[in-house]
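Report on one structure; see the data block that follows.
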Amino acid sequence: MSMEIFVNGARYTYWEQASVERSLDSVCGQFSFTTSPTPKSRFPIQPDAEVEIIVDGLTVLTGYVEVIHVDQSSDSSSFSVSGRDNICDLIDSGVPEEVKSFQESIGLQEIILRIISAIGIRKLSVISLASNITPFSAKEIEAFEFGGNALDFITSIARKRNVFITSDGNGRLILYYPPFGIHGGRLTHNENDRSNNILSLEYKNDRTQLFNVYKCSAQDNASANGLQVLSKIMGKEPPEDVKNGNIFTDSDVRSGRYVEIQAEEAMNTNELKKRAEEESNIRRARSLTYGVTIQGHALDGEVLRCGYNVMVNDSIFKQHGSFLIKRIVYTADLSSGSTTKLDLTYQRSYTGKGSVVARTCSTGTPYSG
């Protein structure tokens, strides 16, 4: 249960507290650590220094020092260092003009590589664990909206193919369909159970924004037949739009709950249904707050990782089965030890597939973060 910090390739030992956070939502990992008072000659950290953080032998972040904060007086001093992984330059940069137009169809991975090259980012590669991604046609590319930063653009076009993007913490941008695999072991929270391994827990289940039927309308007819569809839903006959394909039904939510959303851009019928499914999944993810903290950084000897599934046995709050780790925070304190905070959600929340049943995945996927 150890955390190691390397600065410009050299192990740095003058730290007292450290944390690393990774999240499926933010893509870019972040780190921070405080250092003990040391002579100036022993504080070699400068802005833009390269940082590698290893947890129990696994590299969980490689990035750059972005902020150094020193608070010093005659009788005390404190030093804190923070930064992000090397995806940060995609967040801070826009999309260069030379990669905003293509004359031929092109794959998602190639688009990302061209953006990385045009920006001039070093030490960042792209690996696709998502198979059979349909290339984008030149006509589709013409319709792209290039506002915002480069990572927002990459994420938005990836979602058009139901592909998610994250960083593995080791200099690679990963294209994937969640989850990457499932951890061994189990998180346990039961009464009078000696196998309980959860130190603290936060639980909230808010279903006020969940609906049985989600309809996604194209921009030109967002509200044309909303009341008509609603009346059909409240009656015995299923709405015709279910057959036509631009409605998604969540059978886990009681009937009689209907919401209509407007597509952010022009979409065909199939794309409208996928967008409705995605809306259901997003709302499902937001409905559950299930955060647990455990001792150390591993479960049954395996370092816990963002994007993997983990089994939960919680009879107190009736949470059982396989949950997706959507956010993870590794914390190490030289005086109090190491802990890991996990934010868990339903796997369905990050698939866009609309299936309640979780897929079974092997643990052999070559992903390290």
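Below, all heavy atoms of this structure are taken into account, side chains as well, without hydrogens, waters or symmetry copies.
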Any sub-3.5 Å donor-acceptor pair from R257's side-chain atoms to L210's backbone N or O? yes
So for atom CD, which belongs to E104, do other residues, nucleotides or ligands contribute more than 12 heavy atoms lying within a distance under 6.0 Å? yes
Taking V253's backbone N and O only, do any of them form a donor-acceptor pair with N212's side chain (distance below 3.5 Å, no angle check)? yes
Are the side chain of E278 and the backbone of A276 linked by a donor-acceptor contact shorter than 3.5 Å? no
Apart from F6 itself, members of its ILVMFWY cluster (side-chain separation under 4.5 Å) are I54
Donor-acceptor pair, N309 side chain versus G181 backbone, under 3.5 Å? no
Taking salt bridge (charged side-chain N to carboxylate O under 4.0 Å, His left out) as the test, write out the residues that go with E202, two or more places apart. none
Does H183 use its side chain to pair, donor to acceptor, with the backbone of R305 at less than 3.5 Å? yes
Check: F153 ring centre within less than 6.0 Å of F146 ring centre: yes
Parallel, tilted or perpendicular: which one describes the rings of Y176 and F180, with boundaries at 30° and 60°? tilted
Any residue meeting salt bridge (charged side-chain N to carboxylate O under 4.0 Å, His left out) with K123, in chain and number order, not counting sequence neighbours: E50
Answer yes or no: is there a donor N or O on one side and an acceptor on the other, between the side chain of R84 and the main chain of Q30, under 3.5 Å? no
For E52, check salt bridge (charged side-chain N to carboxylate O under 4.0 Å, His left out) against everything at least two apart and list the hits. none
Ion pair R114/E110, N-O distance below 4.0 Å: yes
Side-chain ion pair, D206 and R286, N-O less than 4.0 Å: no
Passes side-chain hydrogen bond (donor to acceptor under 3.5 Å, both in side chains), T188 versus N313? Steps please. CA-CA 5 Å; T188 305; N313 179 19; 5.0 Å; no
When you measure from the side chain of T62 to the backbone of G169, do you find a donor-acceptor pair of N or O atoms at a distance under 3.5 Å? yes
With sequence neighbours left out, what residues match D89 under side chain to side chain donor-acceptor pair (under 3.5 Å)? none
Okay, side chain of D85, backbone of C28: is any donor-acceptor separation there less than 3.5 Å? no
Set of residues satisfying salt bridge (charged side-chain N to carboxylate O under 4.0 Å, His left out) with respect to D343, sequence neighbours excluded: R327, K341
How about F136 and F144: are their ring centroids closer than 6.0 Å? yes
Say whether, by atom type as modelled, one donor and one acceptor occur between the side chain of D333 and the main chain of G337 under 3.5 angstrom. no
